[in-house]
Amino acid sequence: MHNRLTILLTLKDRHPYTLRWLKWANSQECPFQIVIADGSGDETAKSYLTHEHTNNLKLEYIRYNYDETLRHHFHKLQDVLSRIDTKYTIQTDNDDFLLFNRLLDSVSVLDRSGSGTFYTRPQYRIGFDVSRGGNGVNIDDMLYPRKR
């Protein structure tokens with residue numbers, strides 16, 4: 001487990017994205033601590049924290065009141081960030097896929113350079129075409145790739 005960076009995953013409903021994100025992180029054996037700050041309207045996301053979806057992850061789940069307004073959301077952020085004590089933190093939403101090997105590279109560069117603050121590298125856009133009407137296309141293989 002890499003102990004220099006924590007991934008902060010903020011949630012507000014959109015449960016299929018949350019499940020897909022957890023399956024992605026688990027399939028890639030994410031080496032970082034993941035803190036989930038859940039401001040959803042129900043506890044569906046918590047029900048996804050099963051061994052099947054998280055056996056390769058180190059997770060901390062924190063349930064917050066519903067993010068009814070931006071004020072609620074920012075209060076959640078303030079609280080959860082005060083709980084994280086690693087040198088680096090990255091905040092992500094459940095519709096963003098992180099390339100964990102690239103994060104490891106970034107942390108190494110930051111440690112060597114002595115910089116304490118950074119903006120993430122440009123996003124990679126990975127396109128795929130499902131317009132063939134499903135002929136030979138397995139959507140699950142694209143959305144839930146195998147390890148590495």
Side-chain angles (χ1 to χ4, degrees), residues 1-40 43-64 67 70 72-132 134-148:
M1 186 60 59
H2 198 279
N3 62 2
R4 305 286 284 159
L5 180 136
T6 298
I7 297 171
L8 170 57
L9 177 62
T10 53
L11 303 180
K12 180 182 177 186
D13 300 316
R14 302 186 327 154
H15 303 304
Y17 284 111
T18 301
L19 181 58
R20 188 177 67 169
W21 195 96
L22 288 169
K23 285 184 174 185
W24 165 259
N26 195 51
S27 75
Q28 300 303 299
E29 297 180 7
C30 173
F32 303 103
Q33 165 78 25
I34 301 168
V35 174
I36 298 175
D38 187 0
S40 299
E43 294 197 6
T44 301
K46 187 175 182 179
S47 73
Y48 297 151
L49 304 182
T50 63
H51 179 75
E52 174 189 6
H53 301 137
T54 64
N55 63 315
N56 294 315
L57 303 177
K58 183 176 179 190
L59 289 171
E60 179 181 356
Y61 175 87
I62 305 169
R63 179 75 175 123
Y64 287 91
D67 284 345
L70 278 176
H72 291 100
H73 175 73
F74 287 124
H75 177 73
K76 174 180 74 177
L77 282 180
Q78 180 182 19
D79 180 72
V80 73
L81 286 170
S82 73
R83 297 171 186 237
I84 295 173
D85 61 0
T86 52
K87 183 171 182 178
Y88 306 110
T89 304
I90 184 169
Q91 180 189 354
T92 188
D93 296 317
N94 57 5
D95 63 350
D96 298 324
F97 287 104
L98 301 176
L99 302 176
F100 302 111
N101 288 338
R102 300 296 288 169
L103 275 179
L104 283 169
D105 294 344
S106 296
V107 169
S108 295
V109 168
L110 288 170
D111 281 341
R112 283 194 307 273
S113 71
S115 176
T117 302
F118 72 102
Y119 183 76
T120 59
R121 296 175 184 191
Q123 291 182 346
Y124 291 97
R125 301 275 182 203
I126 301 171
F128 51 89
D129 181 9
V130 296
S131 63
R132 291 180 280 164
N135 296 335
V137 177
N138 185 338
I139 300 297
D140 283 344
D141 285 345
M142 287 188 244
L143 297 180
Y144 306 114
R146 304 290 185 259
K147 182 177 182 297
R148 306 285 185 253

Around atom OH of Y17, are there more than 12 heavy atoms from other residues, nucleotides or ligands closer than 6.0 Å?
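No, OH of Y17 has 12 or fewer neighbouring heavy atoms, counting only those of other groups under 6.0 Å.
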Interatomic distance, [X] atom [atom1] to [Y] atom [atom2] [nearest 0.5 angstrom]:
X    : Y   : atom1 : atom2 : value
H51  : N56 : NE2   : CG    : 8.0 Å
L103 : I7  : CG    : CD1   : 6.0 Å
Y48  : L22 : OH    : CG    : 9.5 Å
L98  : T92 : CG    : OG1   : 4.5 Å
I84  : I90 : CD1   : CD1   : 11.5 Å
R4   : T89 : CZ    : OG1   : 11.5 Å

For L19 and T44: C-alpha separation, side-chain torsions, deciding distance, then whether side-chain contact (heavy atoms from CB on, under 4.5 Å) applies.
CA-CA 10 Å; L19 181 58; T44 301; over 6 Å; no
Taking all heavy atoms of I62 and all of V35, pick out the closest pair and write down the distance.
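Reported closest heavy-atom pair: CD1-CG1, 4.0 Å.
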Which atom of L11 lies closest to which atom of I36, heavy atoms considered
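Looks like CD1-CG2, 3.4 Å.
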Before giving the answer on side-chain contact (heavy atoms from CB on, under 4.5 Å), spell out for I34 and W21 the whole-Å C-alpha distance, their side-chain angles and the decisive distance to 0.1 Å.
CA-CA 12 Å; I34 301 168; W21 195 96; 3.9 Å; yes
Say whether, by atom type as modelled, one donor and one acceptor occur between the side chain of [X] and the main chain of [Y] under 3.5 angstrom.
X   : Y   : answer
N94 : L9  : no
W24 : D96 : no
D93 : D95 : no

Who pairs with R83 by salt bridge (charged side-chain N to carboxylate O under 4.0 Å, His left out), at least two apart in sequence or on another chain?
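By the salt bridge (charged side-chain N to carboxylate O under 4.0 Å, His left out) rule, R83 matches D79.
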Would you please name every residue forming a salt bridge (charged side-chain N to carboxylate O under 4.0 Å, His left out) with K12, sequence neighbours left out?
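Salt bridge (charged side-chain N to carboxylate O under 4.0 Å, His left out) list for K12, sorted by chain: empty.
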Go through the steps to decide whether Y64 and H75 satisfy the test side-chain contact (heavy atoms from CB on, under 4.5 Å), and finish with yes or no.
CA-CA 10 Å; Y64 287 91; H75 177 73; 5.7 Å; no
Once the angle between the rings of F32 and F100 is folded into 0 to 90°, is it parallel (under 30°), tilted (30 to 60°) or perpendicular (over 60°)?
tilted
Using a 4.5 Å cut-off on heavy atoms from C-beta on, say whether the side chain of [Y] contacts that of [X].
X    : Y    : result
H53  : N26  : no
L104 : L5   : no
K87  : D111 : yes
L77  : Q91  : yes

Checking side-chain polar atoms at under 3.5 Å, does N3 have a donor or acceptor matched by the opposite partner on T86?
no
Walk me through whether R63 and S40 qualify under side-chain contact (heavy atoms from CB on, under 4.5 Å).
CA-CA 8 Å; R63 179 75 175 123; S40 299; 4.2 Å; yes
Less than 4.0 Å between a side-chain N and a carboxylate O, is that true for D38 and K46?
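The answer is no: the pair does not qualify as a salt bridge.
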